[in-house]
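Just so you know, these numbers use all the heavy atoms, side chains as well, and skip hydrogens, waters and symmetry mates.
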Amino acid sequence: MKNKNIKLTSSRRKFLLNITKAAAIGTGLNSIPFLKINFANAISLPNFPQNINVYLEKFENWSGELKAKALWTCAPKNNEEVVTVINWAKKNNYKVRPKGKQHNWSPLTIANNTELTNNVILVDTKLFLNNVTINKSQYPFQVTAQTGITMETLTTKLEEFDLGLTCLPAPGELTLGGVLAINGHGSAVSPIDEDSHSSFNNFGSLSNQIDSLTAIVWDNESSQYILKKIHRSHPQCQAFLVHLGRAFITEVTLRVEKNQRIRCQSIIGIPAAEIFGDPITSKFNFSHFINKSGRAEIIWYPFTDKPWIKVWSITSEEKPKYSRETNAPYNYPFSDNINEKMSNMIQSIISGYTKITPQFGKLMYYITSGGLEYSNSFDLWGWSKNLLLYIKPSTLKVTANGYVVITKRENIQKVLNELYKQYNYLIEKYRSQSKYPINGPLEIRVTGLDKACYSEDTSPILSAINRVDSHPEWDVGIWINVLTIPGTPFANHFYTELEEWIYKNYCEPYATVRVEWSKGWAYNQSSAWGNKNMIRNIISSSFKNGGVENSDWERAASILHACDPYRIFSSPLIDALNI
């Protein structure tokens, strides 16, 4: 279809007809920049800035569960152009949603099947908003980056300056802005014998490393949205450090440290009953590895006996004798590519032939054990990014629930042992009914909590691992994810039961539970994010401060509303959460 065939019209009926046609063909125009601009201006967007590229593009998240056929999308070349788009949106009754790598599971950006008539415009940050500068003139060292930069690009740039991060999410194809919005994290706490005060080490989420940020906020004096730099000490900053997409951050300055050599050892021979075992009697339980190295994770495929354990250790500049040096990330190619047999089994499971799930779990374990051997990846050594980034976009597309249990470090094994028993109970309960809702691994990570690193700092109050003032003894977050292929029958039933148990079991004075913002939660038997009581009440009540009900939640909502009173930066899920 050529641009000259689309005619401007003042008729609302014809306007909507053009919108419908645009949705049908919009994605086909993405490779023709000239048509992007003219096509968009011709059919819908009134007075849209002529110098900013705007086009129709489909939206689909990484797992394929969140889609929109075509939405207006623009690619501002700098921060000032982003402000221009936002002020245009305010005048024309549009929502503005940042768009990065679309890896998020939860519909914080848009609702599923959002239509053009919903008046949403996406701002693609990754095309141009990716500048980075390094400052080593003060300590802690600092990196200033625009939020469209990917984590792999950022950490690669840091490595060039002999700098790095203590921990970070495993996928490298995430934008910095997306990671910070939902307090993306890795898996790290301080080892028992490591001096955590010897350098600036952050064992919480990446959001806790923010020193300052630049946000787009409403200015009453000029009656428009403007750029505003906010330092970590400013009271407003506490709501922007983790904002769930309720704000638009264009640039951040992070505190970083000297780069570290890391060793990653994979262990696949310890039984699950031992890894998740009793805190007292299990000699090689997960707490053993956490206490020894501080950095470990569990990946346990269903219907197998032995999990895949990764253990990261900080090492010296000299390579350990039996390690293989690696100079690049993504050292587990067997987990990033789907072979033909696995692909056929996935299609069978989705089609309803779920009784092959036990064989599928065993296949994943054999691929992992054989792949570690074939690629010589049991024992790796290299710079931090090469060991901490290990998931490519091509890995198996799964959906995942997500929670974090906040408790004392000495309770880690107790938490896991109780989870192990309940998880096995549910798996066997469903199997006895010839149902196999879970075909992906159970994954466990452990981090420290987010808190003020310096006396003048504010803390990230919407972080899932923000400290709990009424329980200063709670010092770790235990992240729980159960993965399965999207569309697997009875998965939501399983997730609903597990979620109910998690909230009932991990409660005061022992622990508390918060949702992992990027994953699935608030389940009913039809879907994630469908439990209205949990969305309206339970989630907000998990953010208490000093025993005052909902104080952190209400304070964050108040700050974000003052900076965006027209709710330009909002979505249906954010509205439902009342942020």
State whether E173 and K101 are salt-bridged, where the test is any N-O pair (Lys NZ or Arg NE/NH1/NH2 against Asp/Glu carboxylate O) under 4.0 Å.
yes
Taking the side chain as every heavy atom from C-beta outward, state whether L254 and I210 have any atom pair closer than 4.5 Å.
yes
When I444, I406, V404 are each screened for side-chain contact (heavy atoms from CB on, under 4.5 Å) with I478, the one that passes is I444
Do F494 and Y430 have ring centroids that are under 6.0 Å from one another?
yes
Given side chains that start at C-beta, do those of L174 and P169 come closer than 4.5 Å, heavy atoms only?
yes
Within the 3.5 Å criterion, strictly below it, is a donor on N505 or E418 matched to an acceptor on the partner's side chain?
yes
Do T326 and N386 pair up side chain to side chain, a donor and an acceptor below 3.5 Å, judged on atom types alone?
no
Quick one: does I268's side chain get under 4.5 Å of Y365's, heavy atoms only?
yes
Pair N481, E516: side-chain N/O donor-acceptor within cut-off below 3.5 Å
yes
Donor on one side chain, acceptor on other, N208 and R232, under 3.5 Å:
yes
Should N202 and R255 count as side-chain neighbours, where that means a heavy-atom distance under 4.5 Å?
no
Give a yes/no verdict on a cation-pi contact between R261 and W383, requiring under 6.0 Å between NZ or CZ and the six-membered ring centre and an angle within 45° of the axis.
yes
Assess, by modelled atom type and distance only, whether the side chains of D575 and S570 contain a donor and an acceptor separated by less than 3.5 Å.
yes
Quick one: do the R263 and T315 side chains pair a donor with an acceptor below 3.5 Å?
no
Go through the steps for V189 and I412 under the test side chain to side chain contact (heavy atoms under 4.5 Å, CB included), then give the verdict.
CA-CA 12 Å; V189 295; I412 290 174; 5.8 Å; no
Dump the intermediate steps for side chain to side chain contact (heavy atoms under 4.5 Å, CB included) on L389 and L168, then the final yes or no.
CA-CA 8 Å; L389 297 178; L168 64 155; 3.5 Å; yes
Proximity of Y420 and W300 rings by center, below 6.0 Å
yes
Apply the side-chain contact (heavy atoms from CB on, under 4.5 Å) test between V252 and each candidate in T144, L176, I149, L206; give the one that qualifies.
L176
What about W308 and F334, are their ring centers closer than 6.0 Å?
yes
Go through the steps to decide whether W553 and L577 satisfy the test side chain to side chain contact (heavy atoms under 4.5 Å, CB included), and finish with yes or no.
CA-CA 10 Å; W553 191 267; L577 287 165; 4.0 Å; yes
Quick one: are the ring centres of Y332 and Y330 less than 6.0 Å apart?
no
Could you tell me whether the side chains of T484 and Y495 share a donor-acceptor contact shorter than 3.5 Å?
no
